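As the structure is a prediction and not an experimental result, all values here were calculated from the model. Protein chains get the first letters and strands the later ones, always in sequence-line order, with residue 1 at the start of each.
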2 protein chains.
Amino acid sequence: MNDTFKALSDPTRRQIIQLLKERDLSAGEIADHFTISKPSISHHLAILKNAKLVRDERQGQSIIYSLNATVIQEALGWFLGMMGTKGDEQP
Amino acid sequence: MNDTFKALSDPTRRQIIQLLKERDLSAGEIADHFTISKPSISHHLAILKNAKLVRDERQGQSIIYSLNATVIQEALGWFLGMMGTKGDEQP
DNA sequence: TTGATATTTAGATAAACATCTAAATACAGA
DNA sequence: TCTGTATTTAGATGTTTATCTAAATATCAA
């Protein structure tokens, strides 16, 4: 779960997640939304992939990235449990 | 909001939040839960404080740390919005 | 197979970060 | 006011991280 938080600690990567919330995108399409170089975006994608927050699938020349809904939900739940304030536990 | 995620990207700091979920603690009591030095813990506390995730209040010789419930709730909401998967938006 | 497009890998660099020890500050009690 | 306790600040160090350019790999189309 540490990988998840590390992955989310970078603003570019969070923005990538938000983009993928709209629709699946190729690596190049993702890179087009940023000013940093394609290799840098590729690196960020690798980190997101390693954290299993996104999946990739080759489609011809392109590689299409998509959110891994399952792991996103898991992260959401974990975050809720971690951050939930004192009064939240109901026995 | 970037400060929030940066603050949460470190396992020690997440553990501190979990400790403070139980009850308010002095800096020293917090440090006792870890093997790293007190100055290091102090540094982590400063980062959490800067992100407004915790508050501090001097009480005699000690400084008591507590969760800032408001900001925690905000962070929770922001995270939910950020991570929420595609189907989540209901018009 | 050759050429063009899409993406990643390699290698380098500078900035940010976690950690330490030693010293400074703040407070309480005698 | 002196002493002891609690905490933070300063300064140093090694590691991790984000970024870049150049080169490698993979796929498609002619």
Side-chain angles (χ1 to χ4, degrees), chain A residues 1-68 75 82, chain B residues 1-20 22-68 75 79 82:
Chain A
M1 192 55 63
N2 198 31
D3 284 346
T4 308
F5 279 96
K6 272 284 161 58
L8 292 170
S9 72
D10 182 272
T12 301
R13 291 194 288 268
R14 290 199 300 276
Q15 217 174 319
I16 290 174
I17 288 183
Q18 306 233 48
L19 288 173
L20 293 178
K21 254 183 78 176
E22 298 299 317
R23 61 188 184 80
D24 298 355
L25 293 167
S26 71
E29 286 172 321
I30 292 170
D32 288 344
H33 285 79
F34 300 88
T35 53
I36 64 181
S37 72
K38 277 165 208 266
S40 292
I41 294 293
S42 182
H43 172 244
H44 285 304
L45 288 170
I47 288 169
L48 288 170
K49 200 169 76 177
N50 183 258
K52 300 206 172 59
L53 290 168
V54 307
R55 291 222 193 80
D56 65 336
E57 181 197 357
R58 179 170 281 276
Q59 226 164 82
Q61 272 162 300
S62 305
I63 293 180
I64 306 297
Y65 281 86
S66 56
L67 288 187
N68 183 350
M82 209 264 306
Chain B
M1 193 52 68
N2 197 31
D3 284 347
T4 308
F5 279 96
K6 270 286 159 57
L8 292 169
S9 72
D10 182 272
T12 300
R13 291 194 288 267
R14 290 199 300 276
Q15 217 173 319
I16 290 175
I17 288 183
Q18 308 232 47
L19 287 173
L20 292 178
E22 298 299 317
R23 61 189 185 80
D24 299 354
L25 293 168
S26 72
E29 285 173 322
I30 293 171
D32 288 344
H33 285 80
F34 300 89
T35 53
I36 64 181
S37 72
K38 276 166 207 266
S40 292
I41 293 293
S42 182
H43 173 245
H44 285 303
L45 288 170
I47 288 169
L48 288 170
K49 202 170 73 177
N50 182 257
K52 302 205 173 58
L53 290 167
V54 307
R55 290 222 193 81
D56 65 337
E57 181 196 357
R58 178 170 283 275
Q59 226 164 83
Q61 274 163 301
S62 304
I63 293 180
I64 306 298
Y65 281 86
S66 57
L67 287 188
N68 182 348
F79 190 81
M82 208 264 306

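- As rounded to whole Å, 19 Å separates atom C1' of dA10(D) from atom NZ of Lys38(B).
- Atom P of nucleotide dT25(C) and atom CD1 of Ile63(B) are separated by 15 Å, given to the nearest angstrom.
- Atom pair Asn2(A):CG and dT16(D):P shows a separation of 13 Å (rounding to whole Å applied).
- With rounding to whole Å, Tyr65(A) atom OH is found 9 Å from dT7(C) atom P.
- At whole-Å resolution of the value, NZ in Lys6(B) and C1' in dA15(C) are 11 Å apart.
- The CG-P distance, from Asp10(A) to dA16(C), rounds to 13 Å in whole Å.
- Summarising the geometry of Leu20(A) relative to Leu25(A), their closest heavy-atom pair is CD2-N, 3.8 Å, with the distance given to 0.1 Å.
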If the sugar-phosphate is the primed atoms plus P, OP1 and OP2 and the base is the rest, what is the B/S/- string for nucleotides 23-30 of chain D, using protein heavy atoms under 4.0 Å? ---SBS--

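- Nearest nucleotide to the side chain of Ser40(B), out of dT19(C), dC20(D), dT8(C): dT19(C).
- Heavy atoms of Ser62(B) sit under 4.0 angstrom from primed sugar atoms or phosphate atoms, though from no base atom.
- Taking every side-chain heavy atom of Thr12(B) into account, dT19(C) is the closest of dC20(D), dT19(C), dC20(C).
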Apply the test side-chain contact (heavy atoms from CB on, under 4.5 Å) to residues Phe79(B) and Phe5(B): give CA-CA distance (whole Å), side-chain angles for both, the deciding distance (0.1 Å), then the verdict. CA-CA 9 Å; Phe79(B) 190 81; Phe5(B) 279 96; 3.6 Å; yes

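- Using modelled atom types, no side-chain atom of Arg14(B) and backbone atom of Ile16(B) make a donor-acceptor pair closer than 3.5 Å.
- Side-chain atoms of Asp56(B) and Ile64(B), non-hydrogen and from C-beta on, never get closer than 4.5 Å to each other.
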side-chain contact (heavy atoms from CB on, under 4.5 Å) between Lys49(B) and Arg55(B), intermediate numbers included: CA-CA 6 Å; Lys49(B) 202 170 73 177; Arg55(B) 290 222 193 81; over 6 Å; no

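- Summarising the geometry, the separation between CD1 on Ile36(A) and P on dT19(D) is reported as 4 Å, rounded to the nearest angstrom.
- A donor-acceptor contact shorter than 3.5 Å is absent between the side chain of Glu22(B) and the backbone of Leu19(B).
- His44(A) and Thr12(A) make their closest contact through CD2-CG2, 3.8 Å (heavy atoms, listed as atom of the first residue, atom of the second, distance).
- At a threshold of 4.5 Å between non-hydrogen side-chain atoms, the residues Met82(B) and Gln18(A) count as touching.
- A donor-acceptor pair is defined here as one N or O able to donate and one able to accept, closer than 3.5 Å; no such pair exists between the side chain of Arg13(B) and the backbone of Leu8(B).
- In the region residues 42-56 of chain B, proximity to DNA chain C at under 4.0 angstrom, judged on heavy atoms, holds for His43(B), His44(B), Ile47(B).
- Between Ser26(A) and the phosphate of dT7(C), there is a side-chain N or O to OP1/OP2 separation shorter than 4.0 Å.
- The interatomic distance linking Arg13(A) (CZ) with dT17(D) (P) rounds to 9 Å, in whole Å.
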